Amino acid sequence: MLIDSPYFPDELEALPGLLAGAGFEPDALLATHADFDHLLGRLAFPGLALGLGEPSVERLHREPGAAQRDLRDHDEQFYVERPAPLALGQVQGLPVPGSVELGSEELELHPADGHTSDGLAVMARWCGVLCAGDYLSGVEIPMVSPGGALADYRATLARLAPLVEAADTVVPGHGAPNGRDTALRILDEDMDYLDALERGDERPTLPKGRDAREQRSIHERNMDVIRSA
Ligand SMILES: [Zn+2]
């Protein structure tokens with residue numbers, strides 16, 4: 001199961017060979033949420049169907065063409081050219097909470113909204129891996145997108161906490177995988193950040209390593225989303 005996707009065409013092109021070299025041949029794609037940068041798996045594996053949580057399928061129907069537009073905008077910004085536009089093909093909606101079978105094992109799908117209106121986290125309990133989507137990143141502060149909500153973000157972190165406790169490795173959508181202890185530290189920092197956001201701090205102390213200029217501008221955008229909520 002390939003969960004989410006890289007962004008740059010070179011990465012997508014290299015992915016099948018890289019995975020094959022490590023002994024993996026995915027036979028299904030799964031995206032944690034419907035933001036464009038998580039939906040690109042079919043550009044690497046055009047023959048595979050994309051699985052999405054039902055809230056993500058509903059979001060795609062509510063915002064037709066939005067993912068393709070966002071991808072075009074980012075590609076323009078980074079001078080990225082692609083051999084073909086993004087076609088999501090046949091999308092398979094999955095109940096969340098729920099589970100999907102993977103061979104003889106089971107992937108648990110847990111609700112993870114707040115960053116956006118949709119979202120799921122994938123727990124592979126038998127191998128101790130939690131794929132958190134756009135939560136628990138070591139490089140990005142919590143981002144409450146338009147459509148997301150602070151209270152939902154908090155609830156998702158509370159839901160993720162016992163999953164992190166039960167995991168050996170937490171794989172965020174952005175940044176490197178982390179061990180349990182680091183992921184728990186990030187979770188605490190994120191709770192503190194959400195408190196500051198809720199208080200409306202203009203210049204909160206951001207977590208170490210996530211306090212550069214881009215993170216400040218994410219905070220400003222978060223403040224705009226909170227104010228207009
Ligand atoms: Zn996202």
Side-chain angles (χ1 to χ4, degrees), residues 2-8 11-12 29-44 50-75 77-78 80 86 88 91 93-94 96 109-122 130-157 159-160 163 170-178 183 186-187 189-190 193-194 197 206-207 210 214-226 228-229:
L2 176 70
I3 300 173
D4 290 340
S5 61
Y7 164 74
F8 288 104
E11 297 171 317
L12 289 159
L29 310 173
L30 182 61
T32 55
H33 60 297
D35 280 354
F36 76 95
D37 53 328
H38 297 259
L39 295 175
L40 308 183
R42 285 188 85 249
L43 296 178
L50 176 65
L52 284 171
E54 270 156 8
S56 297
V57 176
E58 281 161 30
R59 182 179 155 201
L60 287 177
H61 288 152
R62 262 198 326 271
E63 308 169 352
Q68 284 84 352
R69 258 192 322 275
D70 286 347
L71 177 63
R72 267 202 314 273
D73 289 348
H74 280 77
D75 285 351
Q77 190 185 345
F78 297 113
V80 166
L86 173 64
L88 293 177
V91 166
L94 303 165
V96 183
L109 308 180
H110 297 269
D113 51 337
H115 161 59
T116 53
S117 63
D118 58 328
L120 58 82
V122 185
L130 172 66
C131 295
D134 280 357
Y135 300 88
L136 305 178
S137 166
V139 296
E140 190 175 78
I141 61 167
M143 185 192 289
V144 184
S145 305
L150 182 61
D152 295 338
Y153 203 114
R154 264 189 210 289
T156 287
L157 288 184
R159 215 178 291 120
L160 289 177
L163 299 174
V170 177
V171 185
H174 303 279
N178 288 305
I186 291 171
L187 196 147
E189 292 172 351
D190 287 355
Y193 170 73
L194 293 180
L197 180 60
L206 296 180
R210 296 190 281 166
E214 177 62 18
Q215 304 304 304
R216 290 272 157 213
S217 81
I218 291 174
H219 175 60
E220 278 163 31
R221 295 203 294 277
N222 285 343
M223 294 277 273
D224 289 342
V225 171
I226 301 307
S228 64

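All ligand and atom numbering here is 1-based and tracks the order in the structure. For reference, positions follow the sequence shown, starting with 1. No experiment lies behind these values; they were computed from the predicted model shown.
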Subject >> Ala121 backbone acceptor or donor facing Thr32 side chain under 3.5 Å >> reply: no

Original post:
Would you call Asp35 and Arg59 a salt bridge, taking side-chain N to carboxylate O under 4.0 Å as the test?
Top reply: yes

Subject >> Metal site the Zn ion (ligand 1): N/O/S of His38 inside 2.8 Å >> reply: no

**OP:** Determine whether His61 and Val91 make a side-chain contact, defined as any pair of heavy atoms from C-beta on separated by less than 4.5 Å.
**Re:** no

**OP:** Would you mind naming the N, O or S atom of Asp134 nearest to the Zn ion (ligand 1)?
**Re:** OD2

**OP:** Measure up the His74 and Phe36 rings against each other and bin them: parallel (under 30°), tilted (30 to 60°), perpendicular (over 60°).
**Re:** tilted

Original post:
Within less than 2.8 Å of the Zn ion (ligand 1), any N, O or S from Asp35?
Top reply: yes

